[in-house]
Amino acid sequence: MKKAARFVSRILAAIGLLFVVATFSPINNWWANYLAGPWNDPAGEVLVVLGGETLEDFIGLTSYWRTVYAVRVWKQGGVRTVVVCGGSDGSQPSVAAQMREFMVSQGIPAAAIQVETESRSTHENAVKSKPLLDQLGGKKVLLTSDYHMFRAYRAFRKAGIDVQPRPFPDALKQTTSLANRWPTFLGLCTETTKIAYYFVRGWI
């Protein structure tokens with residue numbers, strides 16, 4: 001019992017230390033900036049937007065912010081076509097279709113948006129959107145969350161799609177709130193685990 005108690009105490013102490021580091025140090029900012037890569041906001045004729053989480057009848061928070069930033073890029077001019085990637089679990093509309101509806105409500109012409117609705121992962125975003133993207137001429141720009149860009153960019157390049165990364169500050173904005181720093185840290189840990197899995201599978 002004493003050994004078990006000491007083990008539990010050490011685990012709790014380690015979690016507490018991690019909580020303090022994640023909350024009061026700049027580790028989240030460093031980590032998110034590394035995963036985001038360059039912040040040079042490339043322009044292009046085709047904007048590829050990756051879906052995130054979805055709720056029962058509407059897009060989730062991650063998908064919402066990716067949609068908002070896609071609308072901002074569109075309004076800056078130069079984009080001819082927006083390609084939105086993301087399927088569903090079969091019980092509700094695809095996240096790409098839901099994001100498309102929101103984009104249209106924010107002023108992007110419906111005719112300018114194409115959707116890929118079969119993918120259910122970042123790897124599938126790339127593989128399943130390739131036939132569509134191959135038909136579209138012009139420079140292709142990939143837009144997704146800062147913490148997601150490392151894996152997404154490499155997955156698209158691995159699939160043979162020449163894209164330029166255009167991350168937006170997702171995790172970085174969350175870290176401005178003290179209360180969000182621990183959940184953001186856990187999210188970055190999860191994303192890094194996914195990156196390792198993608199390396200093992202040969203997807204990036």
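Computation of the quantities below employed the complete heavy-atom set of this structure, encompassing side-chain atoms and omitting hydrogens, waters and symmetry-equivalent molecules.
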Determine whether a donor-acceptor pair (N or O, by modelled atom type, separation under 3.5 Å) exists between the side chain of [X] and the backbone of [Y].
X: Ser121; Y: Glu124; value: yes
X: Glu191; Y: Gly187; value: no
X: Glu53; Y: Thr62; value: yes
X: Arg80; Y: Glu45; value: no
X: Glu116; Y: Glu118; value: yes
X: Thr192; Y: Leu188; value: yes
X: Ser177; Y: Gln174; value: no
X: Ser63; Y: Gly52; value: yes

Could you see if [X] belongs to whatever hydrophobic cluster contains [Y]? Use Ile, Leu, Val, Met, Phe, Trp, Tyr and a side-chain cutoff under 4.5 Å.
X: Val141; Y: Ile108; answer: yes
X: Ile113; Y: Leu142; answer: no
X: Val95; Y: Leu50; answer: no
X: Tyr69; Y: Leu172; answer: no
X: Leu47; Y: Trp65; answer: yes

Listed once per pair and sorted, the side-chain hydrogen bond (donor to acceptor under 3.5 Å, both in side chains) pairs that draw on residues 96-114, sequence neighbours left out: Thr54-Gln98

Cation-pi, Tyr198 ring and Arg201 (6.0 angstrom, 45 degrees): no

Indicate yes or no: at least one non-hydrogen side-chain atom of [X] is less than 4.5 angstrom from one of [Y].
X: Pro109; Y: Trp74; result: yes
X: Val83; Y: Leu136; result: yes
X: Lys128; Y: Cys85; result: no
X: Leu143; Y: Val48; result: no

Chi angles and distances behind the side-chain contact (heavy atoms from CB on, under 4.5 Å) call for Val49, Met103: CA-CA 11 Å; Val49 186; Met103 289 179 185; 4.2 Å; yes

Quick one: closest heavy-atom pair of [X] and [Y], and the distance?
X: Lys173; Y: Thr176; value: O-OG1, 2.5 Å
X: Thr184; Y: Asn28; value: CB-ND2, 4.2 Å
X: Thr117; Y: Ala96; value: CG2-CB, 4.3 Å

What donor-acceptor contacts under 3.5 angstrom involve side-chain atoms of residues 32-42, with partners at least two apart or in another chain?
residue : atom : partner : partner atom : Å
Asn33   : OD1  : Trp39   : NE1          : 3.1
Asn33   : ND2  : Asn29   : O            : 3.0

Close aromatic pair by centroid cut-off 6.0 Å: Tyr64 and Phe102: yes

Within the 6.0 Å centroid threshold, strictly below: Trp31 and Phe185: yes

Show which side-chain atoms of residues 152-165 pair as donor or acceptor with protein atoms under 3.5 Å away, not counting sequence neighbours.
residue : atom : partner : partner atom : Å
Tyr153  : OH   : Arg157  : NH1          : 2.8
Arg154  : NH1  : Phe150  : O            : 3.1

Donor + acceptor pair across side chains of Thr175, Arg181 (<3.5 Å): no

Pair Asn125, Ser119: side-chain N/O donor-acceptor within cut-off below 3.5 Å: yes

Atom pair OG1/CZ of Thr122 and Arg151 - distance to nearest 0.5 Å: 3.5 Å

Parallel, tilted or perpendicular, as decided by the 30° and 60° cut-offs, for the rings of Tyr197 and Trp203: perpendicular

